[in-house]
Amino acid sequence: MKIKLIATFLLLASIVQAQENKQSYSFSLDQAISHALTNNRTAINAGRDIELAKKKKWETTAMGLPQINGSISYQNNFVIQRSVVPGEFFGGAPGTFQEVAFGVKHNASGNLSLTQLIFDGSYIVALQASKTYLEFYQNYKQKTDVEVREMIINSYGNVLLADESALILQKNKTILEKTLFETDQTYQNGLIEEENVEQLKITLASVVSNLNYVNRLKEISMKMLKLNLGMEIEDELTLTDKLDALAMSNLDLAIKSNQFNASSNINYTITQNFVTQRTLELKLEKSKALPTLSAGVNFGYNAFGNEFTFFNSGQQYFNYSNLGVNLNVPIFSSFARSARTQQAKIALEKANTDLIETEQKLKLAYQSAKSDYEYSVEQYNSSKESLKLAERIENKQQIKFREGLSTSFDFTEAQRQLYTSQQNYLQTMVDVINKKAALEKITGNK
């Protein structure tokens, strides 16, 4: 019994803790986009890539700055290597040899070196490349933000679509249940045939099934939006914008007269970035034919002894220092440098061709996106009128059906036409929002 009480207490404590950790958010579409650009996990990592590129740029810059290194070494020659020399060197008989040990048991040394690159064409190009490297990730971050913005618009619209669909289906269900009840009462009184009741039951079952599906879809759509926003799925989220208001705000007929400039698209900018990189790679290969010049300074101490006395005040240390300059001049590489230069030149030509191809594809994509958007606006206006007609037809058929002037088949067909028009109207509102976002993604407008 005690174990059950403890388990129940722990379960309740975990539930309370989880509820305390929940956060509540309330977003309009613009607020959701702003939140996602800061908290979406893909956007966060894209920002980290920029920081990595900045560190990489400094790493490249530091290669041409003074480099200081220090070292300390100790060697214990517990068995000293021996050599032999002619014996006559030490007064011995000719033809004999004398063993000699060169060295002492303990060696210690300390060294401090300074090196400086004076000239290297590759380093100059590397500095330019590091700047391009950083620009690439800055452009990629901008591309990520554009994609996140479109993703949030689509996700936000899907949640609103599911909400509106659920409301309409619930309203249709309530009206159908009332109509079914009245029709069943009329049938019980023997005034109409049972077929009328059965037909309404079939329609009601379909509406209930669709309502259950939309409710499940609404939950999934909301979780997907939270994930895209960089929120925890358990957090509470309220959407303040309405679907019809968003659709109206995205009806921009002036966009038909806009001129498209491919350079405003981030994909074109990134492709230009690749051209710059290939240009620098060609420049790098050419720079490898130039000489390199560097200099260095060394300063150090050595100490020797058959006893380990390096920390004694009387230990003798021998200092040394030197200054060196190194000039390396490439002379002949069996045409390897030439082959690498030609490869870089071909890669640059390919990058320029890709840039032209990207420009043409973007122009085509703009025309397609613009056509899709204009079509979505036309469909929105058309479905709005169709919905009004379907509502009037359904209302007339309902009156006729109640008065016995219309069959259940005609009334049910009018209902189905109304339900289809309702869903089409909702979908066209979402299409207007999404197609506008897709067009803005290509044009670079927000």
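Counting from 1, the numbers follow the sequence of the chain as shown. Computed from a predicted structure; not experimentally measured.
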Review point. Does a donor on one side chain and an acceptor on the other come within less than 3.5 Å for Arg48 and Asn45?
Key: yes

Exercise for review: Could you list the residues that satisfy ring-ring contact (aromatic ring centres under 6.0 Å, His included) with Phe274, not counting sequence neighbours?
Suggested key: Phe136

Point to revise | Lys435 atom NZ, neighbour heavy-atom count above 12 within 6.0 Å | key: no

**Study point:** Polar side chain donor-acceptor pair, Tyr140 to Gln138, under 3.5 angstrom
**Key:** no

**Study point:** Gln199 CD to Glu413 CD distance, which is reported to the nearest 0.5 Å
**Key:** 9.0 Å

Point to revise | Backbone of Leu284 reached by a side-chain donor or acceptor of Ser287 within 3.5 Å | key: yes

Identify every side-chain donor-acceptor pair in residues 291-307 under 3.5 Å, counting partners at least two apart or on other chains, and give the distances.
| from | atom 1 | to | atom 2 | distance (Å) |
| --- | --- | --- | --- | --- |
| Asn298 | ND2 | Asn322 | OD1 | 3.2 |
| Asn306 | OD1 | Lys105 | N | 3.2 |

Check your understanding: Is it true that Lys141 and Asp145 have a side-chain N and a carboxylate O under 4.0 angstrom from each other?
Key -> yes

**Study point:** Chi angles and distances behind the side-chain hydrogen bond (donor to acceptor under 3.5 Å, both in side chains) call for Tyr74, His106
**Key:** CA-CA 8 Å; Tyr74 164 73; His106 301 280; 2.8 Å; yes

Review point. Taking atom types as modelled, is there a side-chain donor on Gln75 or Asn77 under 3.5 Å from an acceptor on the other?
Key: yes

**Study point:** Smallest separation among heavy atoms of Tyr25 and Asp235, with atom names
**Key:** CE1-OD2, 3.8 Å

Exercise for review: Could you tell me whether the side chains of Ser73 and Ser109 share a donor-acceptor contact shorter than 3.5 Å?
Suggested key: yes

Practice item. Determine, stepwise, if the pair Met151 / Asn40 fulfils side chain to side chain contact (heavy atoms under 4.5 Å, CB included). Key: CA-CA 11 Å; Met151 181 170 57; Asn40 178 272; 3.8 Å; yes

Practice item. Might you work through the ring pair (Phe, Tyr, Trp, His ring centres under 6.0 Å) test for Phe308 and Phe310, ending with a clear yes or no? Key: CA-CA 6 Å; Phe308 190 90; Phe310 299 122; 5.1 Å; yes

Exercise for review: List the steps, then state whether side-chain hydrogen bond (donor to acceptor under 3.5 Å, both in side chains) holds for Gln422 with Asn424.
Suggested key: CA-CA 5 Å; Gln422 290 171 339; Asn424 287 343; over 6 Å; no

Review point. Are Phe318 and Tyr320 near enough that their ring centres are under 6.0 Å apart?
Key: no

Practice item. Answer yes or no: is there an ion pair linking Glu440 with Arg149, defined by an N-O contact shorter than 4.0 Å? Key: yes

Can you give each donor-acceptor pair under 3.5 Å made by side-chain atoms of residues 237-248, sequence neighbours left out, with the distance rounded to 0.1 Å?
| from | atom 1 | to | atom 2 | distance (Å) |
| --- | --- | --- | --- | --- |
| Thr240 | OG1 | Phe27 | O | 3.2 |
| Thr240 | OG1 | Ser28 | N | 3.2 |
| Asp241 | OD2 | Leu29 | N | 2.7 |

Review point. Taking atom CE of Met222 as the centre, does the number of heavy atoms from other residues, nucleotides or ligands within less than 6.0 Å exceed 12?
Key: yes

Practice item. Considering only NZ, NE, NH1 and NH2 on the basic side and carboxylate oxygens on the acidic side, decide whether Lys223 and Glu219 come within less than 4.0 Å. Key: yes

Check your understanding: Are Glu349 and Lys345 within salt-bridge range, i.e. N to O under 4.0 Å?
Key -> no

Exercise for review: Give a yes or no on whether a salt bridge exists between Glu51 and Lys54, defined as a side-chain N under 4.0 angstrom from a carboxylate O.
Suggested key: yes

Check your understanding: Is it true that the side chains of Thr115 and Gln67 contain a donor and an acceptor less than 3.5 Å apart?
Key -> no

Point to revise | Donor-acceptor side-chain pairing of Glu236 and Ser24 below 3.5 angstrom | key: yes

